[in-house]
Every structure is written in structure tokens, then in C-alpha cells.
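Down below is the structure, laid out as C-alpha cells.
The model shown is predicted, which means the values in this text are computed figures rather than measured ones. Chain letters run A, B, ... following the sequence lines, proteins first, then strands; residues in each count from 1.
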2 protein chains.
Amino acid sequence: MKLTTLGYALIGLVQAEPCSGYALRRVFETTPMGTYSSSPGSIYPALARLVAAGFLEKRAPAGGGKKLFHVTTRGRDAMNAWLRTPVTEEEVTRSVDLVLLRFAFLENVDEPGVTQSFLASFESALSNRIEQIEAYLESPAGRALGRHGRLAVENGLQGLMTQRQWAATSKKEFRS
Amino acid sequence: MKLTTLGYALIGLVQAEPCSGYALRRVFETTPMGTYSSSPGSIYPALARLVAAGFLEKRAPAGGGKKLFHVTTRGRDAMNAWLRTPVTEEEVTRSVDLVLLRFAFLENVDEPGVTQSFLASFESALSNRIEQIEAYLESPAGRALGRHGRLAVENGLQGLMTQRQWAATSKKEFRS
DNA sequence: CCAACCATGTAAGCTGTTACATGATTGA
DNA sequence: TCAATCATGTAACAGCTTACATGGTTGG
């Protein structure tokens, strides 16, 4: 079964701390993870699918009380595999957000080298993409852009450069 | 009928220059607009829907030749309305890409003030969002973040700041 | 007691993804 | 002539959005 972005987001949050469906919705409503929709119509069915596919399970804690979602071994494995896939240029082009989501969940992995290599692949994917866009700007098509078009492309470019800077700085921080 | 992102992208491109479905796919494949999928299964049905809803029409140019898509009055009106809606904080949170798409298509509007006010609303939406995230980082929840989580949020923050800088600079450029 | 919040769902509808399918044209 | 590119579609499937629906708990 192929997981969606929302699927990974849910597994990652549950892995950090077992919680209820409602608590997950609150996270999307009240934290900068609000890029995802918090509507019940997306969360609850998604959770049900994840349980059905064996990535999560719903059970009461040892001392009794409310049932909460917990990650299964299967879910943890899927998460680990996902976190370890290198960042591709394609991913940087389509959805940088997704890359950052993965980075955030690296918190749950304790091998130190993983974050390092993740950031390294991110940096190089960014560099490739930046080169591509710069090449485009200097190509005939790029030169033919109007003011708005050019500025919009430059905006994207600046965003990628900021990310690259961030990746470089963060990598240093993880040497300790 | 409510238009999707892809719908607006298609109308905007066709408005800039009448073209075939295949040409539109090429744009998504070969330019930085590649955030959108270029698969035939998305483009052709989307174009068909836009024609059915009266935003586009397919016709041969005066001198004969291949049939191309053209914007209708209805399509142009929808586009203008969309381009003139101020940027909201919600939009900045959910999909900055969409904001930039709108900006790029402002090229097709010749009233000069429109770009100015668009950028002004973008700038203020960004400022609000930036404040929110900064507040979050200093809240108990924010302070409880691990290294990865904090860095991920800071990455988002830096991205927004870059955008704000861009908006300010661009606004100046449009005074001329 | 009533509003607000906690908490969990279902159902219709639309859109995008993936994969398959077809045929014309052009350059090596 | 054969591969690549032009060019346009269809069909199955899964996911998200929106809207509806329900009921418990808590604080003013």
C-alpha cells in the first residue's frame, strides 16, 4: 500500500507520541503543520486506512483509559524507509514541504548519521534545481519572460537558495 | 463552477497565448512551472472541463490551421476576479505557490495599480504569518520542540522572510 | 442551561494519478 | 524504415473537500 503525505504525517506524529484522532486534528489546526487540512473528513478516514493497512493500531494504554493510536512495527519500518530515502531533485521541484516534513520526523530516528546524509542529499538536490532554474532564466525562453514572469521565477530561486543556506547551516549544527 | 489551481494555470497560459493541449503539457514539463503535473490524464480532462464550463474554447485561427484553445470573455472575467482577490494569510499558509502563480499572471492585466496592491496584500499576509510562527516558537509548545522540529519551523520562517523581502523589492520595481 | 469544545464518524462529488491506447509526423 | 516526438484521449482507482450528523463533557 502506498502512503500519502497525510499518511506519513499521521504516522510520524503518532510515533512521536500516541494520541487520539482529535489530538492529531488539533496539531494541524494550531501548529505550523497547518499546511495539512484538519477536517474530520480527511483525518478519520486516513487513520482508518492506516489501521487497516497495519501501520497503526488503536488500543487503550496499560493503566486503562481512552484508546489511542500507536505505531506498529510495520508502521515504524515504513517510516524508517521513507526517512532514509535520499532527497531527489524531483521532490525538491514538486514539494519541498514534504522534504521538511521528513526532516522533522528524523527526530524519531536516533542514528546520528542519518540526519547528516539527509541534509547532504537535500543540499545537492537543491543545487541541481537551482542550476536548472538559472539556466532557464538565461535560455531564450527565460529571456522572453515578462517582468512578472521573471520576478516569479526569481522568487522561486531565492526560496531555494534560502533552503540551501538553511541546509548548510543545519548540517553544521548536527556535527555535535 | 469552482476552478482548481490547474484550471487557473491553464486559463492563464492560454490567455497569454492561445495554444494546444500538448503545448500546455510542454510548459509544465520544461519550465519552472513544472510543479504541476504534465500527465495527459490531468491536462486533457481539465481542458475539456474548462471548455464545458465556458472558460475556454477550441477553434481554428482566422487563416486556418490547427485548432487552438482561446480564452472566452467568461474565462477572462474569472481570471481577472481571481487576480484581484487580495492575498490572505490562509493562502500564505496553505499554498504560497498559488500566490506566485497569480502574480505571474498579473502580467496579462495592464492596470498598473493592481500589481502594487497585490504585492501589498502579500506583504502584509506574510508579516502576519511570520508573527504567528515566531509567537509559536516562543510559546510552550514551540519551546518543547526538538532540534529537528525547531529547525524545520525555522526553515519555514526563513522562507517566508525571503518572500517578504522579495515582495518589498518587487513593489519598488513596479513604481516605474 | 446553554455555549463551547471534545470526539468521531459518513456520504457525495470531484480531481488527480496511473496506466493503457491510438495514430500522425518527422528526422536519421 | 524505425525511433522519437507530436498529439489526444479513456478508464480504473484512490484521496481529499465539503457538508452533514451525532453525542458527550465542561465551564460560566
Compare side-chain N and O positions of Ser37(B) against OP1 and OP2 of dT17(C) and report whether any pair is under 4.0 Å apart.
yes
Are the charged groups of Glu111(B) and Arg84(B) less than 4.0 angstrom apart, N to O?
yes
Give a yes-or-no answer on whether the side chains of Ser39(B) and Ser42(B) include a donor-acceptor pair shorter than 3.5 Å.
yes
Under a 4.0 Å N-O cut-off, is there an ion pair linking Arg143(B) with Glu138(B)?
no
Nearest listed nucleotide, side chain of Arg49(A), among dG15(D), dG9(D), dA7(C)
dG15(D)
Cationic N near anionic O, under 4.0 Å, Lys171(A) to Glu123(A):
yes
Kindly say if Thr4(B) contacts the phosphate of dG16(C), meaning a side-chain N or O under 4.0 Å from OP1 or OP2.
yes
Given dT17(C), dC16(D), dT8(C), the nucleotide with the shortest approach to the side chain of Pro40(A)
dT8(C)
When the nearest nucleotide of DNA chain C is assigned to Lys2(A) and to Lys2(B) on a heavy-atom basis, which residue is associated with the more 5' position?
Lys2(B)
Counting any heavy atom closer than 4.0 Å, what does Lys66(A) reach on the DNA or RNA strands: base, sugar-phosphate only, or nothing?
sugar-phosphate
Among dT8(D), dT8(C), dG16(C), the one nearest Leu6(B) by side-chain distance:
dG16(C)
Please state whether the phosphate of dG9(C), meaning OP1 or OP2, lies under 4.0 angstrom from any side-chain nitrogen or oxygen of Lys58(A).
yes
Within this structure, what is the CE-to-P distance between Met1(B) and dG13(C), rounded to whole angstrom?
16 Å
Taking only side-chain nitrogens and oxygens of Arg25(B), does any of them come within less than 4.0 Å of OP1 or OP2 of dA7(D)?
no
In whole angstrom, what separates Leu3(A)'s CG from dT17(C)'s C1'?
16 Å
Does a side-chain N or O of Tyr22(A) approach OP1 or OP2 of dC6(C) to a distance below 4.0 Å, or not?
yes
Give the nucleotide from the list dT8(D), dT17(C), dC16(D) with an atom nearest to the side chain of Ser42(A).
dC16(D)
Gly21(B) near the nucleic acid: base, sugar-phosphate alone, or nothing, with a heavy-atom cut-off under 4.0 Å?
sugar-phosphate
Side chain of Ser20(A): nearest nucleotide among dT8(C), dT17(D), dT8(D)?
dT8(C)
So, are Arg102(B) and Glu91(B) salt-bridged, with charged N and O less than 4.0 Å apart?
yes
